[in-house]
Amino acid sequence: MDFLKTTVKDLHQELVNKSLSVADLTQATLDHIKATDDRYEAFITLMETNALEQAKKIDQAGVSSAQMLAGIPFGIKDNMVTKGVQTTAASRMLHDFKPIYDATVLERLSQAGAIGVGKLNMDEFAMGSTTETSYYKQTKNAWDQTKIPGGSSGGSAVSVAAGQVPFALGSDTGGSIRQPAAFNGVVGLKPTYGRVSRWGLIAFASSLDQIGPITRTVEDNALVLNAIAGYDARDQTSSKQTVPDFTANLTGNIKGMKIAIPKEYFGDGVDPKVVSVVKAGIAQLEALGAHVEEVSLPHTKYGVAAYYILGSSEASSNLQRFDGIRYGFRAENVQTLEDLYVQTRSQGFGDEVKRRIMLGTYSLSAGSYDAYFKKAAQVRTLIADEFEQVFGQYDLIVAPTTPNIAYGFGENQDDPQVAYMNDALTIPVNLAGLPGMSINAGFIDGLPVGMQLIGNRFEEAKIYQAAYAFEQATRLFDKIPGGDQ
Amino acid sequence: MTSNNITPAEVEHVANLAKLTLTESEKMAFTNQLDKIFEVVDTLSEVDTDGIEPTYSMTDGANKLRSDEAINANQRTELLKNAPETQETLIKVPAILTAGEDK
């Protein structure tokens, strides 16, 4: 089987026809991961026993044509808790941690019959945009192993792009699904804040984090969102908004759709080659019948600053729970309880995590709260209001996902300021709680370029509609890493 | 650009609040890096936010209530398996005070 090209939908058809058994598919997937992961280093933990047991059960019950995800293998970013399976958030702090429950998204995928095959590498506690801050390994870009995969869901994006699994779950706090999806040429959606339960997601910044699917095609992405979306009483921020069938608008028709192009997303700091590929993508949408107009989102340039204050402040609060007492890493040879906290945290966290804890603690400390934390939250209001005005007149916003294509390892590690700017085009979406998707718009020097489609709150269906029309018109997913480009 | 000019002393103070300890070289590195980050952060001061309500969350409602039904959620044995050091049904930690601390 050619895993590199197989979509969820194709696999589903084979499982329904019984031309393939779930057990064989699961075993073949595990074998394929083992055979290829030296090259990509996308996985931290394989869930071999669990996966094969579950596969056997599904084979016994049979796969009906209505069960779109039954028997389909998938990968899980290692910040979603898995019952009895090591869950690390790519941190030394959680090296030995085996949760006693499954995250809601995993319960739902399990009910749909999908089979989790392994836990994927990421930036430590989802902090980073290169997957270089992982305690465990350095995941490589699916298209060029000398380049970063993007982050923090680097393992998730690479596992899909490299054909190891047909879909994976990622999480996105400031662009962590969309940016690695862009760098690896796959489809990555950050749903509306509240659309997908965060119960069982190891928290980074609770008001920004959202789980979403990474897939090869737009239709596959909609199928996965169908399975994981919806209200969950265990997450206080989960929305009761109705969940439509996200595949309903996949017609290829976008005639009359109104698309806004924010000029700030094409300005200084964005590679002109990226601009030109994305502008060609927009011209394609126009050719398909969309009305395209330029708009202005003047507060975009303050998004990164507001994000780093708010995100880091929430992180410093969320990460207080890692104290070496109840679970996770504990420092040895300490004298007092206070010493245990300090030594555990100093040895257990990596530099990027410490940097953000410090930034957050500073922002929340006496004398800084109004000047930084409150100010950033006010700027967040302005950014959200600006989007709301645009969505009063337009269906979608289209822009580049990232200012650059994937770059070499270590290039921005010494200067967090530069690394942080890589998220400038994805961050405003998280601040405003909007849904955003990255799809492949083309290539520069053999590396993918992401085009970002941003929708109004709870209007993922419009994003899927436009993305599907673009994908069917261009069929860029036929180009695969290592294949004919 | 108005830089906040973070000092090593401030970095040390913040590390203490965050229950972290830094080596001298970490302290210098974090001072430089946080200083650079605050160059970006300080651009927020350009924005007129007079009278603007802060947004702390994008949720679409107030607290949600569940029905008041008791469930047996006792998972003590399972939870204790993750604790680094236990004794019977308790988690073991070092003493709060050392013998010599009341000098």
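Chain naming here is simple, since letters A, B, ... match the order of the sequence lines and numbering starts at 1 in each.
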Taking side chain as everything from C-beta outward and backbone as N, CA, C, O, which of these in [X] sits under 4.5 Å from a heavy atom of chain B? Side chain, backbone, both or neither.
{"X": "A:I309", "value": "side chain"}
{"X": "A:Q347", "value": "neither"}
{"X": "A:D351", "value": "both"}
{"X": "A:S365", "value": "side chain"}
{"X": "A:L340", "value": "side chain"}
{"X": "A:A376", "value": "both"}
{"X": "A:I383", "value": "neither"}

Listed pairs under 3.5 Å, donor-acceptor, residues 20-28 of chain B side chains, sequence neighbours left out:
{"unit_1": "B:T23", "atom_1": "OG1", "unit_2": "B:S25", "atom_2": "OG", "d": "3.4"}
{"unit_1": "B:T23", "atom_1": "OG1", "unit_2": "B:E26", "atom_2": "N", "d": "3.1"}
{"unit_1": "B:E24", "atom_1": "OE2", "unit_2": "B:K27", "atom_2": "NZ", "d": "2.9"}
{"unit_1": "B:E26", "atom_1": "OE1", "unit_2": "B:T23", "atom_2": "N", "d": "3.0"}
{"unit_1": "B:K27", "atom_1": "NZ", "unit_2": "B:E12", "atom_2": "OE1", "d": "3.0"}

Please list every donor-acceptor pair under 3.5 Å in which a side-chain atom of residues 75-97 of chain B meets a protein atom from a residue at least two apart or in another chain.
{"unit_1": "B:N82", "atom_1": "OD1", "unit_2": "A:K98", "atom_2": "N", "d": "3.1"}
{"unit_1": "B:N82", "atom_1": "ND2", "unit_2": "A:K98", "atom_2": "O", "d": "2.7"}
{"unit_1": "B:E85", "atom_1": "OE1", "unit_2": "A:R330", "atom_2": "NH1", "d": "3.2"}

* Asked: In terms of heavy-atom proximity below 4.5 Å to chain A, should B:F30 be classed as side chain, backbone, both, or neither?
  -> side chain
* **Contacting moiety of B:D50, where chain A heavy atoms sit under 4.5 Å** => neither
* Structure fact -> chain A shares the most heavy-atom pairs under 4.5 Å, among B:A18, B:P54, B:A15, B:A29, with B:P54
* Using 30° and 60° as the class limits, which term best fits the ring planes of A:Y101 and A:W199: parallel, tilted or perpendicular? ->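 Ring orientation of A:Y101 relative to A:W199: tilted.
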* What residue among A:Y341, A:F329, A:F125 forms ring pair (Phe, Tyr, Trp, His ring centres under 6.0 Å) with A:F322? ->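 Of A:Y341, A:F329, A:F125, ring pair (Phe, Tyr, Trp, His ring centres under 6.0 Å) with A:F322 is met by A:F125 alone.
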Taking every heavy-atom pair that is under 4.5 Å apart, which of [options] has the most such pairs with chain B?
{"options": "A:A306, A:S316, A:S363", "result": "A:A306"}
{"options": "A:T344, A:V379, A:I357", "result": "A:V379"}
{"options": "A:R326, A:H299, A:Q320", "result": "A:R326"}
{"options": "A:G360, A:A233, A:S207, A:A432", "result": "A:A432"}

* **Any donor-acceptor N or O pair under 3.5 Å, side chains A:R355, B:Q33** => yes
Salt bridge flag under 4.0 Å for residues [X] and [Y]:
{"X": "A:E338", "Y": "B:K19", "answer": "yes"}
{"X": "A:E264", "Y": "A:K301", "answer": "no"}
{"X": "A:D102", "Y": "A:K83", "answer": "no"}

* With no hydrogens and no angle check, is any side-chain donor or acceptor of A:T133 less than 3.5 Å from a backbone partner on A:M127? -> yes
